[in-house]
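Everything on this sheet refers to the single structure shown next.
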Amino acid sequence: MVRDGLARWVAGRTVDSVEVRHPRAIRRHAPGPGDFASRIAGRTVEAAERRGKYLWLPLDSGEAVTAHLGMSGQLLVEPGDAPDEKHLRVRLRFADGGRELRFVDQRTFGGLAVDELVEVDGTVVPRSVAHIARDPLDPAFDDAAFVAGLRSRRTGVKRALLDQTLVSGIGNIYADEALWRTKLHYARPTESLTRPAGLLLLGQVRDVMTEALAQGGTSFDALYIDVNGQSGYFDRSLNAYGRTDEPCGRCGTPIRRDPFMNRSSFTCPRCQPRPRRGRW
DNA sequence: CAGTGGCCCTGTCTGC
DNA sequence: TGCAGACAGGGCCACT
């Protein structure tokens with residue numbers, strides 16, 4: 001939805017000027033703000049693409065403006081006379097004088113960069129995205145390869161889900177929700193999962209992502225473009241994530257919160273019992 | 001090399 | 001009331 005919106009608003013338009021308001025927002029662009037701006041200004045945006053949590057705008061130069069929205073990042077398409085957001089980091093003005101593109105990010109976990117486009121596995125992606133796996137909604141996603149990769153890991157199943165080189169687009173929320181649906185504990189050793197169990201898990205991941213996407217779709221019409229898509233989904237559909245001490249929707253047992261990778265994991269202690277020999 | 005843990009950042013909330 | 005600390009979280013990097 002974010003990608004669709006961006007494509008609709010910026011594809012075919014030529015960038016006039018680039019304003020970097022906060023250097024940290026382009027910290028992954030090593031050559032710095034001057035180089036960043038000069039590679040974008042005067043170029044025409046050809047499309048908007050996405051993989052996992054990355055989003056990019058291919059330019060007519062063979063490079064692309066690559067964005068990672070982190071947790072709090074937004075790409076907004078707004079009239080030039082709209083007041084600057086408090087956390088406005090980068091602004092792109094277009095030669096046609098129409099709406100401008102703004103990167104807004106409170107916590108600056110995200111950022112922009114300009115990157116060379118390369119071909120990986122039959123798909124053209126920015127170099128910085130080349131190591132990111134396809135997401136499960138990608139038509140070219142290879143289910144069998146994913147399950148094989150999952151089973152060959154020597155770690156806990158949630159760690160594997162969060163590893164973007166194995167599968168992309170799954171964050172802490174989607175992981176907990178898919179694990180709850182599959183009745184798997186986050187520390188379940190990946191090598192102990194059967195192929196059918198792996199496919200079942202993948203199916204639940206897909207369902208969670210599809211439902212989240214459907215519910216987040218509405219926010220975009222207001223030109224509020226946000227990869228999190230949390231608006232409706234966050235409140236209505238979560239079964240485990242953030243529901244500490246609330247009853248499990250299946251069995252009524254209070255949901256439990258555990259520290260996990262400097263974050264949290266939410267499980268139903270009854271539906272998702274901790275394995276005896278769990279892997280973190 | 002694969003796996004793991006710490007840290008980045010800032011606003012909000014909780015508890016003393 | 002005010003302040004300290006926990007928490008949110010994807011990814012990068014150093015370390016084992």
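Below, chains carry the letters A, B, ... as their sequence lines are ordered, and counting in each starts from 1. Everything quoted here is computed from the prediction, not taken from an experiment.
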Which pair of heavy atoms, one from A:T267 and one from A:H185, lies closest together, and at what distance?
CG2-CD2, 4.4 Å
Nearest-Å distance for atom pair CZ/C1', residues A:F260 and B:dT4
11 Å
A:R154, nearest nucleotide to its side chain (from B:dG3, C:dC12, C:dA8)
B:dG3
Grab the OH-C1' distance between A:Y54 and C:dC12 for me, whole Å please.
9 Å
Closest to the A:F109 side chain, choosing from B:dG3, B:dT4, B:dC8
B:dC8
Euclidean distance, atom CZ of residue A:R24 to atom P of C:dC12 [Å, nearest integer]
12 Å
For A:S264 and A:H68, find the nucleotide of DNA chain C closest to each by heavy atoms; which residue's nucleotide sits nearer the 5' end?
A:S264
Under 3.5 Å side-chain donor-acceptor pair for A:T165 and A:D163
yes
Tell me the interatomic distance from A:D163, atom CG, to C:dG11, atom C1', rounded to whole angstroms.
11 Å
Restricting both atoms to N or O, compile the protein contacts to nucleotides 10-12 of chain B shorter than 3.5 Å, with distance only.
from: B:dG11; atom 1: OP1; to: A:H87; atom 2: NE2; distance (Å): 3.4
from: B:dG11; atom 1: O4'; to: A:Q106; atom 2: OE1; distance (Å): 3.4

Taking 4.0 angstrom as the limit, do A:K158 and A:D176 come out as a salt bridge?
yes
Considering non-hydrogen atoms only, spot the tightest contact between A:T190 and A:A160 and give its length.
CG2-CB, 3.8 Å
Hey, what's the ring geometry for A:F141 with A:F146, parallel, tilted or perpendicular (30° and 60° as the breaks)?
tilted
Interatomic distance, A:D258 CG vs C:dC7 P [rounded to whole Å]
12 Å
Going by side-chain hydrogen bond (donor to acceptor under 3.5 Å, both in side chains), name the residues that satisfy it together with A:R151, two or more places apart in sequence or in a different chain.
none
Less than 4.5 Å apart, any side-chain heavy atom of A:R51 and any of A:E49?
no
Of the listed nucleotides B:dC8, B:dG3, B:dT4, the one nearest the side chain of A:T155:
B:dT4
Report which part of the nucleic acid A:N262 touches: base, sugar-phosphate, or nothing (heavy-atom distance under 4.0 Å, all strands).
base
Provide the closest heavy-atom pair for A:S61 versus A:R43 in the form atom of the first, atom of the second, distance.
CB-NE, 3.4 Å
May I have the distance from A:M261 (atom CE) to C:dC12 (atom P), rounded to whole angstrom?
13 Å
Send over the distance from A:L161 CG to C:dG11 P, rounded to a whole Å.
14 Å
Could you give the angle between the helix axes at the two ends of the helix from B:dA2-C:dT16 to B:dC16-C:dG2, with five pairs per end, rounded to 10 degrees?
50°
Test A:R188 against A:S192 for side chain to side chain donor-acceptor pair (under 3.5 Å), laying out the working first.
CA-CA 7 Å; A:R188 175 69 178 271; A:S192 76; 2.6 Å; yes
Between atom CG in A:L162 and atom P in B:dT4, what is the gap in whole Å?
12 Å
Among C:dG11, C:dC12, B:dG3, which is the nearest nucleotide to the side chain of A:R153?
B:dG3
For A:R257, report the nucleic acid contact type (base, sugar-phosphate, nothing); a contact means any heavy atom under 4.0 Å.
sugar-phosphate
Looking only at B:dG5, C:dG11, C:dC12, the nucleotide nearest the A:R159 side chain is B:dG5
Worked verdict on A:D245 versus A:R257 for salt bridge (charged side-chain N to carboxylate O under 4.0 Å, His left out)
CA-CA 8 Å; A:D245 294 335; A:R257 175 190 172 277; over 6 Å; no
